[in-house]
Amino acid sequence: MSPNKRKSASENVAPDARGTAPEQAATHPDASAHPGETEAKDAVVSKSTAEHHAYEGDYRPASAVALRNEPRIDAVQGDFLTRLADALNTTLDLQTLLHRVADLVRAVIEYRIFAILLLNDRTNELRMRFQIGHSADVERMRIRMGEGVVGQVAERREAMLINDVSALSNYIDANSQVRSELAVPLVTKNRVIGVIDIQSEQPDYFRPEHLHLLQLTASRVAIAVENARLYTRISRQAQSLELLHEISRELTSILDPEQLLERVGKLLQRVIPYQMFAIWMLDEKTNMLIHRFSIRFGKTDNSFSEPVPLQRGLIGAAVSTRQTITVGDVRSDPRYIMVHTETRSEMAVPLIYKGKVLGVLDLEHTRPHFFNEDNVHAVSTLAAQLAIAMENAGLYQRLAQEEQRLEEDLAMARKVQFRLMPQTVPEPANAEVAARFVPARTIGGDLYDFLDYGGGRTAIVLGDVSGKGAAAALYAALVSGIMRSLAAQKPTPAQMLELLNEQLQERKLDAQYVTMLFAIWNDNDRTLQVANAGACQPLFCRAKGVEAIQATGIPLGMFSDVEYEEFTLSTQPGDMLVFYSDGMIDAENDRGEMFDMERLTTVLENNRHCSASTMVANILKEVSGFQGTVEHFDDETAIALRVIDPKKTVEC
């Protein structure tokens with residue numbers, strides 16, 4: 001049985017329902033032409049031996065009876081049309097619809113071979129969508145417009161009743177047993193969508209009445225088929241949109257470029273069952289497409305790695321034109337680059353983000369004309385989301401690289417900052433000194449220093465630069481450098497602050513200033529000179545309690561020609577002086593409460609008899625415990641100086 005074998009006899013077409021004998025009988029009578037036909041009750045057949053099928057309803061004849069060719073049309077036409085309308089109007093499932101039509105037609109025209117063929121608009125070929133009695137080889141046939149009986153019926157939009165198929169010159173001899181055939185086009189909105197075809201192994205089997213009834217059937221079936229196909233398409237589109245939405249959400253959560261491309265290939269398979277998939281990225285410097293990722297028959301394939309110029313291939317055309325390129329048969333398109341010899345269909349979709357072409361998504365299939373309009377729409381929608389995801393992933397990758405470099409720079413800056421701070425504390429004979437610095441970030445804006453003035457005098461410095469992070473640390477380094485250069489003059493605390501302020505005015509930076517405590521400890525007479533430029537007032541712990549040294553002043557770098565007040569304190573063994581930054585008292589817990597001065601004073605009172613190092617450690621411990629898991633938002637620095645009697649030991 002060869003689909004290409006054609007009989008050479010002359011055509012033989014039976015007369016139509018009006019008694020004429022044209023080569024092809026073609027009529028499309030109005031379905032309402034017979035409103036008053038005979039009741040159908042005499043034509044009802046017993047259903048006792050009906051074969052069961054899992055479809056919605058069963059409209060087949062009730063029993064398998066011997067094939068007969070009795071003119072039952074007039075008797076059952078009215079009932080038949082009613083049942084047909086009911087069958088067509090109660091389902092939108094195409095397969096169920098076609099099965100019902102087959103059952104209803106069998107009720108009035110006994111047949112052994114039946115088929116409904118639908119037209120593929122892209123290939124202009126007819127293929128069987130439903131059949132009874134045909135072999136599997138025949139079912140897989142594709143019939144072009146104009147070929148054979150069904151091809152002629154579709155092309156001419158005219159029904160054909162052939163009493164003897166051997167008389168037709170272009171008959172497709174798919175079944176050598178067939179002798180007569182009846183075919184009617186399915187036409188809706190002036191467009192052919194398919195053919196209903198019935199064949200018989202008996203010559204002269206079909207009558208004009210059968211033709212007339214089948215034409216009535218076809219006019220209604222065509223509308224129902226089109227509605228069912230439209231419903232199926234809309235349902236698939238809705239499913240595709242839902243799936244695309246799900247994919248889009250997943251894509252936006254992937255920030256690794258390589259992982260993203262691999263995931264896209266797998267997710268896209270759920271939308272379109274492609275066989276080959278590839279992503280090419282545009283290199284703007286060379287104007288070439290660089291292969292990034294591909295899948296071939298379910299496996300990752302990176303065999304094609306040569307760059308492709310924009311002037312070559314379908315992918316180059318898609319990028320150049322910024323439009324989706326779809327080719328039904330690549331063998332007929334000279335632009336195709338022969339990479340996969342088995343490829344027949346290809347679709348290339350440009351990846352565009354904010355008007356900029358990033359690359360192209362390419363799909364291939366071994367079946368010709370595989371990609372349809374719905375596929376193009378779905379992939380184009382996905383391509384837009386993919387372009388955004390790829391841009392985000394690329395941006396994230398660049399940011400991650402920048403962040404890594406920044407972390408390395410900050411780590412080095414932290415080392416430098418700690419090198420700028422004193423590595424040891426002074427050890428005067430009549431005092432014990434301790435200091436601790438905890439930055440809120442990798443590097444911070446607090447600074448402290450000890451300067452040897454000679455003659456038993458030591459300068460103690462605590463500063464706090466406005467802001468945090470790298471900018472504050474750099475400004476702190478600037479202040480520290482200027483201060484150390486001025487220390488050679490051995491100015492008093494007030495003089496040092498005034499000199500620093502003048503120097504910073506010459507190097508003025510907007511919104512940058514520094515608060516500072518500058519004190520000079522004279523170990524010979526146990527006195528402390530102190531001046532304050534807007535820093536927290538130091539605390540003086542003595543036997544009678546804790547009190548603040550009432551030294552105030554304007555921060556450095558804000559105004560010119562500023563004078564600072566200087567205080568001199570006399571101390572005795574057991575006294576303690578504590579310098580601290582505002583990060584201590586401003587520290588907050590998870591309830592939004594601040595550590596405040598009251599809590600700090602309590603810590604000092606509880607540790608008044610301890611060493612300077614124990615005092616500093618306990619202050620930081622209490623502040624840290626108060627904050628709990630709350631992130632530190634400001635640098636924390638504490639310096640303690642305890643006046644001692646060298647002959648006595650400290651309690652703790």
Side-chain angles (χ1 to χ4, degrees), residues 26-32 53-60 80-109 111 113-134 138-145 149-160 181-199 210-238 369 372-374:
T27 59
H28 298 280
D30 190 344
S32 63
H53 282 264
Y55 291 94
E56 299 175 25
D58 195 344
Y59 292 81
R60 297 171 302 159
F80 171 77
L81 294 178
T82 300
R83 296 175 63 197
L84 177 65
D86 178 64
L88 300 181
N89 294 334
T90 55
T91 183
L92 285 172
D93 179 73
L94 183 59
Q95 190 66 18
T96 300
L97 175 69
L98 299 181
H99 195 278
R100 287 182 177 183
V101 171
D103 290 344
L104 285 167
V105 171
R106 192 197 292 269
V108 292
I109 304 175
Y111 61 76
I113 305 173
F114 175 90
I116 296 179
L117 301 92
L118 298 182
L119 179 65
N120 187 321
D121 293 328
R122 290 182 291 116
T123 62
N124 213 29
E125 293 177 338
L126 292 160
R127 74 176 186 91
M128 290 186 185
R129 189 63 176 81
F130 180 87
Q131 63 85 19
I132 296 175
H134 286 288
V138 175
E139 185 177 12
R140 288 191 292 268
M141 287 178 60
R142 301 292 185 269
I143 302 174
R144 295 189 182 91
M145 295 287 281
V149 174
V150 294
Q152 287 189 51
V153 168
E155 185 177 56
R156 300 178 183 179
R157 302 188 181 191
E158 296 178 348
M160 292 183 67
E181 187 168 354
L182 175 60
V184 176
L186 298 173
V187 181
T188 178
K189 296 181 180 178
N190 200 32
R191 184 171 66 90
V192 175
I193 64 169
V195 175
I196 297 179
D197 182 66
I198 307 177
Q199 299 176 7
H210 295 151
L211 173 62
H212 175 66
L213 189 57
L214 199 59
Q215 286 176 318
L216 291 176
T217 302
S219 64
R220 291 157 174 79
V221 169
I223 298 174
V225 167
E226 190 70 359
N227 289 339
R229 293 171 78 177
L230 179 61
Y231 172 77
T232 300
R233 181 176 181 180
I234 292 175
S235 298
R236 288 176 179 172
Q237 288 177 344
H369 303 283
N372 55 36
E373 292 182 5
D374 291 341

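Residues F114 and I196 meet the side-chain proximity criterion, which asks for heavy atoms closer than 4.5 Å. Under the 4.5 Å side-chain criterion, counting only non-hydrogen atoms from C-beta, N124 is in contact with L119. At least one side-chain heavy atom of R229 sits less than 4.5 Å from a side-chain heavy atom of I193. At least one side-chain heavy atom of R129 sits less than 4.5 Å from a side-chain heavy atom of Q95. Taking the side chain as every heavy atom from C-beta outward, L104 and T217 never approach each other to under 4.5 Å. Side-chain contact between I113 and H134 is present, with at least one heavy-atom pair separated by less than 4.5 Å.
Of the inter-residue distances, the one linking F130 atom CZ with L94 atom CG reads 10.5 Å to the nearest 0.5 angstrom. Here the straight-line distance linking atom CG of L186 with atom CZ of R191 works out to 11.0 Å at 0.5 Å rounding. We find the CD1-CD1 distance between I198 and I116 to be 9.0 Å, quoted to the nearest 0.5 Å. Rounded to the nearest 0.5 angstrom, R142 CZ and M128 CE are separated by 10.5 Å. Atom CD of E181 is separated from atom CE of M160 by 8.0 Å, given to the nearest 0.5 angstrom. For the atom pair R156 CZ and M145 CE, the distance stands at 11.5 Å (nearest 0.5 Å).
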**Request:** Before giving the answer on side chain to side chain contact (heavy atoms under 4.5 Å, CB included), spell out for R106 and I132 the whole-Å C-alpha distance, their side-chain angles and the decisive distance to 0.1 Å.
**Result:** CA-CA 11 Å; R106 192 197 292 269; I132 296 175; 3.7 Å; yes

**Message:** Quick one, N190 with R157, criterion side chain to side chain contact (heavy atoms under 4.5 Å, CB included). Give me CA distance, side-chain angles, the key distance, then yes/no.
**Reply:** CA-CA 10 Å; N190 200 32; R157 302 188 181 191; 2.8 Å; yes

**Request:** List the steps, then state whether side chain to side chain contact (heavy atoms under 4.5 Å, CB included) holds for V192 with V153.
**Result:** CA-CA 10 Å; V192 175; V153 168; over 6 Å; no

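Taking 4.0 Å as the cut-off between side-chain N and carboxylate O, K189 and E226 do not count as a salt-bridged pair.
In terms of heavy atoms, A154 sits closest to V195 at CB-CG2, 3.9 Å. Of all non-hydrogen atoms in V187 and A222, the two that sit nearest each other are O-CB, 3.4 Å. Summarising the geometry of L211 relative to A159, their closest heavy-atom pair is CD1-CB, 3.5 Å, with the distance given to 0.1 Å.
Remark: the backbone N or O of G133 is not paired with any side-chain donor or acceptor of Y111 at under 3.5 angstrom.
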